[in-house]
Chemist: 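Can you keep this structure in mind? I'll have questions shortly.
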Amino acid sequence: MDKRRILFVCLGNICRSPLGEGILRTMATKRGLESRVEADSAGTGGWHHGEAPDRRSIDVGRENGVDISGLRARKIKPADFSDFDMIFAMDRSNLRDLVKIAPHDSHADIHLFMDFVSGQKRDVPDPYYGDRTDFEAVYQMLSSGCEKLLATLFRTA
Ligand code: 4NP
């Protein structure tokens with residue numbers, strides 16, 4: 001059966017998008033959908049290339065049973081636009097950047113994450129300069145969004 005290849009994209013690939021990747025992979029595995037979903041993440045910027053996720057994202061993930069400590073940041077590359085079926089921008093600035101850099105022959109569907117999962121043109125806000133509450137809010141948005149994403153893609157609940 002077809003595998004859905006899904007890429008989460010934020011600015012640095014250390015706070016939001018690695019959490020999205022980890023949450024979706026963990027949720028898919030729990031539902032027996034691991035062979036149907038491939039999750040990855042990247043940043044529009046490359047400043048954190050090769051780094052582990054932000055400690056605060058690792059911690060909020062771990063508290064919720066999602067281990068992202070082994071992930072490493074990378075910058076989005078042209079091949080991602082053909083290697084993935086869906087690319088989800090965490091915020092509207094990421095979305096604008098993605099649209100700008102997408103190769104002309106890109107065949108990935110590019111969406112604002114919250115728009116795709118809830119119909120609301122809302123950002124998953126950048127928590128980098130925030131505190132623990134901001135990281136928890138990001139976790140909750142991504143977690144309920146990934147539930148909806150799996151339900152939409154596979155008609156599961
Ligand atoms: P992310 O958060 O885009 O969710 O990974 C950020 C990480 C680093 C920076 C900004 C946002 N930074 O300015 O270094």
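Numbering of ligands and ligand atoms starts at 1, following listing order. It should be emphasised that the depicted structure is a prediction, and the values quoted were computed from it without experimental measurement.
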Chemist: Short N/O distance, under 3.5 Å, between Cys15 and ligand 1?
Modeler: yes
Chemist: So if I count the atoms of ligand 1 from 1 in the order they appear, which ones are less than 4.0 Å from some heavy atom of Gly12?
Modeler: 1 (P), 3 (O), 5 (O)
Chemist: Under 3.5 Å between some N or O of ligand 1 and some N or O of Ile14?
Modeler: yes
Chemist: Would you say Ser17 and ligand 1 have an N/O pair spaced under 3.5 Å apart?
Modeler: no
Chemist: Hey, are the side chains of Tyr128 and Arg56 touching, using non-hydrogen atoms and a 4.5 Å cut-off?
Modeler: yes
Chemist: Under a 4.0 angstrom heavy-atom cut-off, which atoms of ligand 1 come close to Cys10?
Modeler: 1 (P), 3 (O), 4 (O), 5 (O)
Chemist: Looking at SG of Cys146 and CE of Met141, how far apart are the two atoms once the value is rounded to the nearest 0.5 Å?
Modeler: 12.0 Å
Chemist: How many angstroms lie between CG in Leu7 and CG in Leu24, if you round to the nearest 0.5 Å?
Modeler: 11.5 Å
Chemist: Decide whether Asp97 and Asn94 meet the rule of one side-chain donor and one side-chain acceptor closer than 3.5 Å.
Modeler: no
Chemist: Less than 4.5 Å apart, side chain to side chain, heavy atoms only: is that true for Asp91 and Cys10?
Modeler: no
Chemist: Could you tell me whether the side chain of Leu149 reaches within less than 4.5 Å of the side chain of Arg4, counting heavy atoms only?
Modeler: no
Chemist: Could Asp83 and Lys77 be called an ion pair, given the rule that one side-chain N must be under 4.0 Å from one carboxylate O?
Modeler: no
Chemist: Looking only at heavy atoms, which two atoms of Ala42 and Ser17 are closest? And how far apart?
Modeler: O-OG, 3.4 Å
Chemist: I'd like the name of whichever of Asn94, Asp91, Val124, Leu11 reaches closest to atom 10 (C) of ligand 1 through any heavy atom.
Modeler: Leu11
Chemist: Does Met90 approach ligand 1 within less than 4.0 angstrom via side chain, backbone, both or neither, non-hydrogen atoms only?
Modeler: neither
Chemist: Given that the side chain starts at C-beta and the backbone is N, CA, C, O, which of these parts of Asp54 lies under 4.0 Å from ligand 1, counting heavy atoms, or is it both or neither?
Modeler: neither
Chemist: Taking 4.0 angstrom as the limit and counting only heavy atoms of Asp126, give me the atoms of ligand 1 inside it, by number and element.
Modeler: 2 (O), 6 (C), 10 (C), 11 (C)
Chemist: Do you know which of Asp59, Asp54, Ile58 makes side-chain contact (heavy atoms from CB on, under 4.5 Å) with Phe135?
Modeler: Asp54
Chemist: Does Trp47 reach ligand 1 with a nitrogen or oxygen that is under 3.5 Å from one of the ligand's nitrogen or oxygen atoms?
Modeler: no
Chemist: Can you tell me which residue and heavy atom of the protein come closest to atom 12 (N) of ligand 1, and the distance to 0.1 Å?
Modeler: Tyr128 CE2, 3.6 Å
Chemist: Among protein heavy atoms, which sits nearest to atom 4 (O) of ligand 1, and what does the distance come to when rounded to 0.1 Å?
Modeler: Arg16 NE, 2.7 Å
Chemist: Among all protein heavy atoms, pick out the one at the shortest distance from atom 8 (C) of ligand 1; state its residue, atom name and that distance to 0.1 Å.
Modeler: His48 NE2, 3.4 Å
